[in-house]
Structure formats: structure tokens, C-alpha cells
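Structure record follows, encoded as C-alpha cells.
Proteins come first, then strands; the chains are lettered A, B, ... in the order of their sequence lines, and each starts at number 1.
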Amino acid sequence: MTAVATPEVQAPAEEVLAPLDEVADLAPHSPARGVLIALGKGLAIAVPVLFLTTLITFALGAFSDQDPAAAVLGEVATPADVERMRHEFGLDRPFYSQYGSWVWNALHGDLGSSWFTNIPVADSIVERLPVSLSVAGLALAIALVLGAGGGIVAALNRGRFVDRAITAVSAAITTVPAFVAGIGLIIVFAVLIPVFPTGGYVPISAGIGLWASFLVLPAFALGLDASADLARQLRTGLVGSLDENYVLGAQVRGLPWRRVVLVHALRNGAAPAIAVVGLHIPRLVGGAVITEAVFQMPGIGQLTRDAALRGDVPVIQGALLVAVLLVLVSSLVVNVVLARLLPASGRAA
Amino acid sequence: MSADASIGATVPATANTDLVQVEDLWIAAPDGRDLVAGVSFGLARGGSLGIVGESGSGKTLTTRALLGLLPHGISVTSGSVGFDGLDLRTLRRKEWEQVRGSRIGAVFQDPASYLNPSIAVGKQLTEVLRVRGGLTRSAARERAAELLESLGLHRVDLVLTQYPHELSGGMLQRVLLAIAICLGPELLIADEATTALDVTVQADVLDLFDTVRARAGLALVLVSHDLAVVARSTENLLVMRNGEVVESGPTTQVLANPQHPYTQLLVEHHDAYSLAGYLEKETADV
């Protein structure tokens, strides 16, 4: 029975305030500090990733044996003409030198020019980016609204009909690829019930209503999958956190139920769902290639596809750079949001 | 300050009627099994009641019925739960939100788990003061610091900015107690609130209950499996087993002269395994 002796032995060591003095001046989990750490970590990862991905895409372009000189000049070109053209494009220089000057120019906003049209790549991207960002942005908004709404409603009605219905519909949606959803939406909402245009794009300057009407179907096609995933993750996370004692604790304090759910339960239960959104953003960017083809939208996806089919290497590189940047920035934002929401989550590290 | 006034105002003028009146309370599991079977007790304003019994005896469920927060699927099947003339069984969610916190407060075992791990403890205290107490942000912060200081915490400005995992069990229980009494309730439920704390801190927290009760005229329901704890802090005692009350009466009387075999067993075991009992046996062996 050694346990009997413990109170006396432990009494001085377990003095109530002892732990406080140790952590007193560190304030190790202040929200601002967590956000700064997340930003720092994100940048530390983003820079090498950016370097590697550009190197790989550049290497793929360089080793793909695409010879713009022959392609541009056609079959009548003499070897001397081809040689002159290769020199003009810088293709006769060694690989590292080509990559070095591409990086140097890219840092100054110059992504080179298309081999075929001579249009500066940066100009093409600036012209088409709004199209892709509009679709991806609206798709993300749809995913967040439907996903968050569905997930919260399902979690609060756990086990009831609404919950099962939302879970079943989400599961069904995640099996449908974006292009199938796109074609389905066109058939229903543009052909059978012609409320939206079948495809194309008008700039926002033509009127917000008109602009939005062209975006609705592609954005739904692109965002449905993400919303279903988000709803399922959020339901699971929220069901878990609603069972936690701190939710009971918040109820015991007489806090309004809405506040208990939206502030106390959601804050901790939403973390996996937010991470899922982070994973979906690259898919929204990448999925645009297919969606833009289905809906004939002149976005980055179409630009990349056309360039890839022609072998227009500078355009492909530029478009990929933009896509990689979008992905890196979005994951940085997601990590910062998580650090802000869950200041204590870093404590295991 | 308004919160000060509300604490002072909770001492009732009419102390002769019971604050809590539970009659023939039955609580059943989803499969129809009775978990609490016909429990009755009363608790006067400012009085104290201990509930002892082994785990699964229904003591926690009984107090949860007083909070209207029974676990999923478990429900009160019959009987009445009265609180200051209110029939708690008929309350809707909105009405419960007016009772919990402001009229009935509660603290539990494992205080860390009852605080949100992602929100600084100060914010969780000021949240109640602002949302329920109607204080402004700065008034709530001031009041929170005062409360924590009055509960024996030091460097409260720092404590308020810390997260639950950064504080010790004793400190967390003080923070929870501050949250539980910050709106000046009339009844405090302490469910195994000192069980997980080591012995010196346990004594501190029990002392705090006494201080708070004396200050605010608070009635206390203290649930524990530890006879020493209830003997020290309560006037009346309920001994529960398998969902039924097997014995009840003034605490000193029940413990000094237990009538029911189960109570006798509890007291005997407690004597045998307590420090005093151990030392007695040691010296007898020598």
C-alpha cells in the first residue's frame, strides 16, 4: 500500500501554481503566433515546391522534343532556317541556361511568347484568368454553402431521415465526375428547361446577371463534388465534437444552442472539413480544364489544352506556373485559417 | 457592477420552501431499462445535499435531469423535477437556456474536457458574462479577472489568455467554478468535481465551494463516490444503488449510524481503506 504515502510526498511538488510559472512568459499558443508559424511553414514549403514544379515542367518541355522551328516554319523550311529559328527561341543553349533565363524573366513578369502566335504568355493568362477564377470561385462558394449547410443539418439531425438523405445524396454525387455532371446539367437546365446558356462566357462588364448566368452551370458541375465531400466531412467532424464534454459544458452555461453549435462545436469539428476544402481547391483549378471544354469557356484550362495539343511549350509552362501558384496560395490560406481556428492543435509538435 | 448585485440578490427572502423538489423520478434507457427508479429528495435554499453511490448507481443521471441534459436517448419517464416552483420537465429549449447558468450552475469531473480546447479560458468566461449577463466586453473582462482572483488564482490576466491544456487541473476547476457561478445561480451541482484532483488541490476546491456558498447563499448538490468528501461538505445525504435511494438523512447521522446494509458496507470499506484505517491496521500488526 505505497499509495497511502503519496499525498504527503506529492504535496509540495503538485503546488497548484507551479505549472503556471513555467509557461508564464511564453504564451506559447497565442493566436497571432500560431498564424505566423503557419505562414512561415507554408512559405518554407511553397518556395521549394514552386522551384521543383517549374523545373519539372520546364524539363518536360525541353526534353519533349518539341521543335517549334520545324513546326512553325513548316515542311518547306531549309535546315539553315530551322537553325536560325532555334537560335531565336534560345533552344540551342544548354538546359540550365534556358531554365535560368526563364526563371529570371518569370520573376520579372515575362513568361515568354507563344511559339505559334507570338502573343506574350503573360498577356494570354491575364486575359483568361478572370474566366477561370470566376468559375472556380463560384464553384468554391457553391461547395462551401451547400457543403456547410448540408453537413451541419445532417449532424444536428444525426440518425434521422434528413441525415440519411443528405449522406446518401452526397455519396451519390461524389461518384459523378465533373464532366458527366456538366453534360447532365446542360441537358436538364439548358436544353430541356432552357434557363441557362449551354456554354460560352461573357465578361462581367456585359452585366452581372448575364455574366452569372453563364457561370452557374459550369460552377455547379465543378463544385458539386467538393460540396458533397465537404458535407460528409463536416457531418462526421461535427457529430464527433457535438458529443464532446465542452459542448455539454457550453449548454450548462445556458448559451443559446445556435451559439453552442456554431461557435463551440463547429470550431473544432470543422477542421477536417477545412482540410478537405484545401484538397479540393487544386481539383477546382485542374477540373477547369475539363469543365471549360464541356462549356466552351475561354479560360486557362482551354488555353492549356490548346497549347498542349499544339506543343506550345512556353504557354504550357506559364499556365502550369499559374495553376501551381493558385494551389500553393490556397493551401497557405487553408493552413492559416486552421491555425487561427485551432490555436492548440500545434501543441503535439 | 450589475453582476455583483445579482450575486447579492440570490439570497432568498423565503427560505422555508425547498429550492429543489424531486419526486418519484424515473429515468429510462432507450431499451426501456430503468436507470433511475423512484428517486425523491428536497433541497432547501442555501442547503447542501450529498449523493453517494458506486458508478452506475444513477447519481449523475439524477443531477443531469436537474440540468435537462440527459445523454442521447435517455429520458425521464415519470415523476417531477421542481426548481423554485418551476416544473423543469415542461421546459422548452429556450426556457432551459434561461435557467441553466443563471439559476443552476454545474461543475464536473475532468474540468479540462468541459472547456473548449480551442478558445482561451478567459474568453469562455467572458462569453457567458457578455451573452448571458449582458455585460460589455470590457466590463466582462474586468468581472472575469475579479472572479478568478476571488477564487484564489494568481496572475489572472495571464490565466485569462491561456488555453485549457496550459492550465493544471486545480486551476481549470477554479475557472469552471468561476463560469458556473458568474451569473449568480441559486443552485450549484458538483458532479465528482474533485475526484480527479490530487488530495491537496481537492481540499482547496472543497474549501472554495464553502466560501462561494457562504458568499452567495448557494445551494449545493455534491455527487461523489468519496464518503470523506460528502461528509465534509454536505448537511444531507442520499445513498444510491442501482438507481434507487437506499438511505437518506442528515449526513452525520447516516454515516455515523448507517441503517441499510449497503451504506454499512460503504462506510466499513471506507474505514478499512482510508488512511486512518490503514494506519490503525499497521500499528495493530506491529
For B/S118 and A/L341, the nearest pair of non-hydrogen atoms, with its separation, is CB-O, 3.5 Å

Residues 143-167 of chain A vs chain B, non-hydrogen distance cutoff under 4.5 Å, contacting residues -> none

Of A/G254, A/A265, A/G249, the largest count of non-hydrogen pairs under 4.5 angstrom with chain B goes to A/G254

Flag side-chain contact, heavy atom, 4.5 Å: [X] against [Y]:
| X | Y | value |
| --- | --- | --- |
| B/N116 | A/E244 | no |
| A/N268 | B/P117 | yes |
| A/V252 | B/R64 | no |

Legend entry - Main-chain N/O of B/R100 paired to A/R253 side chain as donor or acceptor, under 3.5 Å: no

Between the side chain of B/E97 and the main-chain N/O of A/W257, is any donor-acceptor distance below 3.5 Å? yes

Okay, B/I189 and chain A: the region with an atom under 4.5 Å from a heavy atom over there is neither

The interface call for B/I119 against chain A, heavy-atom contacts under 4.5 Å, is side chain

With sequence neighbours left out, the residues meeting ring pair (Phe, Tyr, Trp, His ring centres under 6.0 Å) with B/F108 are B/Y114

The reported gap from CG in B/L115 to NE2 in A/H264 (rounded to nearest 0.5 angstrom) is 9.5 Å

Chi angles and distances behind the side-chain contact (heavy atoms from CB on, under 4.5 Å) call for A/L242, B/H72
CA-CA 11 Å; A/L242 281 171; B/H72 197 71; over 6 Å; no

